Every structure is written in C-alpha cells, then in structure tokens.
Amino acid sequence: MDTLVTGDARRVFELFLVLLAGVAAGALNAIVGGGTFVALPALVAFGMPPVTANAVSRVALVPGAVASAWVYRRELSPVGPTSTMALTAISVMGGGVGAGLLLVLPASSFDAALPWLLAFATAILAFGRHLSRALGSALGHSVRMSSPAVLIGQFFLAVYGGYFGGAVGIMMLALWSIGLGLDAAVSNPMRIAQLAAIYLSAAVLFLIASNALSAPLVLAAMLVGAVAGGFAGAHLARRLPTWLLRGVLLATAVITTVLYFLRG
C-alpha cells in the first residue's frame, strides 16, 4: 500500500512539473518564441519517446498559441503586400505537410542543419533591417519581397514548423526583416498568429495519425499550462517597451543558437 501511495504521489508531482513546463513554453512562445525547447525536453525527460514527445508538445501548445493570438488580435498588421488570410492559409498547409513528414522521416533529419539555420536567422534578425536599407540605397529603390515570394518563404518555414517547430518564429521574423524591412517587435503579434496556424494543422494530423493521445494526462497537463502561459505571456509582451521586446527577441535567438551548437 505504501508503495502504491508513493507511486501515485510521484505521478502527481511529475504531472505538476509537466504543467509548469507547459506554462513556461506557452509564455515563451507568446513573448519571444522557443516554447518547443522547453516542452519537448520536458516530455522526453519523463520517458516519452522523442517522436511521440514532439507530437504531444505540438498538440499541447496549440491552445496556448491561440490564446496568445487572441490577446494580440487587434495588433495584427499585414506582412508586406501579403494578405493575412493568404499567409495564414499557407501556414496551415505547410504545417500539415511538415507534420506528415515527421510521421514518415527520421526525427533527426534536421539536426545537422538546424544550428546553421538558426545562426543565419539570428544574424538576419539582428542586421536584416539595416541590410535591407543598405541594399535599397545601393539599388536606388527599396528592397521588398513580392507577395508570391513571401508566401513561398512562409510555406517552407511552415513545413519546418510542422516537422519540428523549434525557433520557427525566429526564422519568420528574420525572413520578414530582410525581405520587407519589418521591425521584429512590431511583427511579433503576426508571428504568434502564424505560429498558431502552423501548430493547428500539425496538431490535427498528429491527433489522427500518431500516438499523441497515448498519455492523455500528460497531454492535458501541458495543454492547461500552455494556455495559462500563453495568455499571461501575451499580456506581458504587450506591456514591454518596443526596444526591450526587440532586445529580448534577439537575445533569445542568440542563446538558442549557441545552445544548439553546443548540443551538436
């Protein structure tokens, strides 16, 4: 009996830790991105296979991303010449394709390339607007990606987001910065909205075709935590000065890149 009680207490404690990981992941996604880097390792640490943990984390983080997008709903601004509806549709499509690839390809397919992708995205995030202006001065006209170019770039990022998702928000901000000269802080609400779209389609596929429901209590704990963290994090991010939010975004990108190189 004592062993049974001890086992139940340990299970409750583990679920509480998963809940806290969900809160942290939801808040990170709302403020700067990178929630996957908290949610996925937490699930793996509790004995879940990596591919299953990837699917569970994606499903669990959807409501948190939607809660954050709801908080930001009045602050969404179009990404250059591209309509928000078209961009969201592409994000949904790409997220579904990426989730399908995760179900049929090895989970480590992006491991070798990911640190370099993050390093490139971080550099663009830091210097993209300056580079865009410099190119515009050299060419005699502003550098602006066309709507089809934005949609193509967004599709490939959404595929990556559906497949793995780590730092996909940073990559989106980098693309919009260099291609359209958009400020990272101003674009943050749209980043969250597109993150929700990518996660949503991926989550639907994972619920149908994977074993994401094999641990319903773990999934529920992380989901509840992510909603709370996403809602609170979005409210906090809205109150941060633009310069501070921009600095936090860049610092997160740098730290994420360094950690991935160290892991490699």
Side-chain angles (χ1 to χ4, degrees), residues 8-73 95 98-99 102 107 161-170 188-189 191-208 210-240 248-249 252 255-256 259-260 263:
D8 289 342
R10 179 180 177 182
R11 183 62 174 169
V12 171
F13 180 66
E14 289 178 347
L15 289 175
F16 177 69
L17 292 179
V18 170
L19 176 72
L20 292 181
V23 171
L28 277 174
N29 276 341
I31 300 172
V32 294
T36 300
F37 297 120
V38 174
L40 184 57
L43 293 173
V44 173
F46 288 112
M48 193 171 287
V51 174
T52 302
N54 201 348
V56 169
S57 67
R58 206 69 48 81
V59 173
L61 293 179
V62 169
V66 172
S68 300
W70 173 258
V71 173
Y72 271 122
R73 66 191 182 281
L102 178 64
Y163 183 92
F164 175 63
V168 65
I170 293 172
N188 199 44
R191 172 191 68 82
I192 295 172
Q194 297 310 309
L195 189 67
I198 293 170
Y199 281 179
L200 181 61
S201 59
V204 170
L205 185 58
F206 288 146
L207 285 173
I208 295 172
S210 78
N211 58 347
L213 295 176
S214 60
L217 290 179
V218 173
L219 173 61
M222 180 159 283
L223 188 151
V224 170
V227 171
F231 190 79
H235 278 290
L236 174 61
R238 292 178 69 217
R239 287 164 172 76
L240 293 177
V248 172
L249 286 166
T252 301
I255 292 171
T256 300
L259 289 177
Y260 255 80
R263 190 192 73 163

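This structure is a prediction, so every number in the text was calculated from the model and none was measured.
Residues Arg58 and Ala203 come closest through the heavy atom pair O-CB, 4.3 Å. Ile192 and Tyr72 make their closest contact through CD1-CE1, 3.0 Å (heavy atoms, listed as atom of the first residue, atom of the second, distance). Between Leu43 and Ala53 the shortest heavy-atom distance is CD1-O, 3.4 Å. Between Met48 and Ala215 the shortest heavy-atom distance is CE-CB, 3.9 Å. Shortest non-hydrogen contact noted between Leu61 and Ala39 is CD1-CB, 4.2 Å. The shortest non-hydrogen separation linking Phe206 to Gly162 is CZ-O, 3.9 Å.
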Distance-only criterion, 3.5 Å: show the donor-acceptor pairs between side-chain atoms of residues 217-239 and protein atoms not counting sequence neighbours.
from, atom 1, to, atom 2, distance (Å)
Arg238, NE, Glu75, OE2, 2.4
Arg238, NH2, Glu75, OE2, 3.0
Arg239, NH1, His235, O, 2.9

Subject >> Evaluation steps, side-chain contact (heavy atoms from CB on, under 4.5 Å), between Thr52 and Ser214 >> reply: CA-CA 9 Å; Thr52 302; Ser214 60; 4.1 Å; yes
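Distance check, rounded to the nearest 0.5 Å: OG of Ser68 to CZ of Arg73 gives 12.5 Å. With values rounded to the nearest 0.5 angstrom, Glu14 atom CD is found 13.5 Å from Leu19 atom CG.
For the pair Tyr199 and Val59, the minimum side-chain heavy-atom distance is 4.5 Å or more.
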